[in-house]
Number of protein chains: 2
Amino acid sequence: MQKLSERIGRGDLMAANCPSREVLKHMTSRWGVVVLIALEGGTHRFAELRRRIGGVSERMLAQTLRHLEEDGMVLRTAHDVVPPHVDYCLTPLGAEAASKVRQLADWIEVSMPRIAAQWEKRAS
Amino acid sequence: MQKLSERIGRGDLMAANCPSREVLKHMTSRWGVVVLIALEGGTHRFAELRRRIGGVSERMLAQTLRHLEEDGMVLRTAHDVVPPHVDYCLTPLGAEAASKVRQLADWIEVSMPRIAAQWEKRAS
DNA sequence: CTGTATCCCACTTGATACTG
DNA sequence: CAGTATCAAGTGGGATACAG
């Protein structure tokens, strides 16, 4: 598979059925970014993650974790006890992914003053 | 503004009204990634970009370009002639943004074999 | 040529209730 | 505790027609 930047302009770029599009969606989805970064801090349980992140519904957290698990970025470990106890942590692949999205997120935060300045300029 | 990675776990992270969330959405939207990378190749006209990218509707290309322009990443230059002639290119800020999303996209492409292997493992 | 306006649908997300 | 099921609401994106 060639790199994206080498395929630009050849018409087949990031087509709807391109598998990497799915991965990008999972990584940059509403909660994907935050889950990846939260798990950089170490292993966490479901409810613990939910509190740590804040504002995410059970449904969306479960869905986000399942997607990331399917992509091989999150490792889900269910201890067979009652009440249930499930741990989530990053795989080595997931750690790389988390690093990449954090670099992007951090760039945005650092650049926000410049972006906000542009917004105000247009508002005037 | 603190960096994202330093705000995790304090409850206010990436709230729905967080302005950086908007920027992230524009940069990682269906066509935002591709437009940014396409413009790394230099200045392009509207129809030229549309052909170069392929598969994007006029509506979505216009919307994507307008968002990126509002965020100060794309510079739109309209030459006042008939028929209309409009050029698009990256600003310095946009060039940084394009580099970041390309790094992420390239990582995904390079990592696709590992991800696809995980998909097949689950399918079995 | 470079868009805008309109309509429409699929998909994402959220709220709530329920279960093993 | 750790989810799933269901329903309601909002959003992103495409097709088409039209305008400056």
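Within every chain, numbering begins at 1; the chains are lettered A, B, ... in the order of the sequence lines, protein sequences first and strands thereafter.
With sequence neighbours excluded, the residues satisfying side chain to side chain contact (heavy atoms under 4.5 Å, CB included) with A:Arg114 are A:Trp107, A:Ser111, B:Leu93, B:Glu96. For B:Thr43, there are no side-chain hydrogen bond (donor to acceptor under 3.5 Å, both in side chains) partners at least two apart in sequence or on another chain. The side-chain hydrogen bond (donor to acceptor under 3.5 Å, both in side chains) check on A:Arg59 picks up nothing, with sequence neighbours excluded. Residues passing the side chain to side chain contact (heavy atoms under 4.5 Å, CB included) test with B:Ser29, sequence neighbours excluded: none. With sequence neighbours left out, the side-chain hydrogen bond (donor to acceptor under 3.5 Å, both in side chains) criterion links B:His67 to no other residue. When the side chain to side chain contact (heavy atoms under 4.5 Å, CB included) test is applied to A:Leu61, the partners found at least two apart in sequence or on another chain are A:Val35, A:Phe46, A:Leu49, A:Arg50, A:Ile53, A:Val56, A:Leu65.
Nucleotides of DNA chain C with any atom under 4.0 Å from a heavy atom of chain A span, from 5' to 3', C:dT12 to C:dG20. Between chain B and DNA chain D, the heavy-atom contact criterion of under 4.0 Å yields a 5' to 3' nucleotide range of D:dG12 to D:dG20.
Side chain of B:Thr91 to backbone of B:Gly72: a donor-acceptor contact under 3.5 angstrom is found.
Here the straight-line distance linking atom CZ of B:Arg30 with atom CG of A:Leu24 works out to 11.0 Å at 0.5 Å rounding. Atom CG of A:Asp87 and atom NE2 of A:His44 lie 10.0 Å apart (nearest 0.5 Å).
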request  = Take B:Met73 and A:Ile115 through the side chain to side chain contact (heavy atoms under 4.5 Å, CB included) test and state the conclusion after the steps.
outcome  = CA-CA 8 Å; B:Met73 298 181 182; A:Ile115 297 168; 4.0 Å; yes
Full working for side chain to side chain contact (heavy atoms under 4.5 Å, CB included) between A:Met27 and B:Ile108 = CA-CA 10 Å; A:Met27 288 175 62; B:Ile108 293 178; 4.0 Å; yes
ask   = Do B:Glu40 and B:Leu90 pass the side chain to side chain contact (heavy atoms under 4.5 Å, CB included) test, and can you show the C-alpha distance, the side-chain angles, and the key distance before you say yes or no?
value = CA-CA 7 Å; B:Glu40 271 194 312; B:Leu90 293 178; 4.0 Å; yes
message = Set out, in order, the CA-CA distance, both residues' side-chain angles and the distance that settles side chain to side chain contact (heavy atoms under 4.5 Å, CB included) for A:Val34 and A:Thr64, then state yes or no.
response = CA-CA 10 Å; A:Val34 193; A:Thr64 303; over 6 Å; no
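Counting only residues at least two apart or on different chains, no salt bridge (Lys or Arg N to Asp or Glu O under 4.0 Å) pair has a member in residues 67-79 of chain B.
When each of B:His85 and A:Glu58 is assigned the nucleotide of DNA chain C with its nearest heavy atom, B:His85 is the one assigned upstream, toward the 5' end. Position along DNA chain D of the nearest nucleotide to B:Ser29 versus A:Val86 favours A:Val86 as the more 5'-ward residue.
Non-hydrogen atoms lying under 4.0 Å from DNA chain C are contributed by B:Arg76, B:Pro83, B:Pro84, all within residues 72-84 of chain B. At a non-hydrogen distance threshold of 4.0 Å, B:Arg59, B:Ala62, B:Arg66 from residues 59-70 of chain B come into contact with DNA chain C.
Among the duplex regions that DNA chain D forms, those built from at least three successive Watson-Crick or G-U pairs under 3.5 Å are C:1-20 with D:1-20, ordered by first number.
Two different hydrophobic clusters hold B:Leu75 and B:Val23 under the rule that ILVMFWY side chains link at heavy-atom gaps under 4.5 Å.
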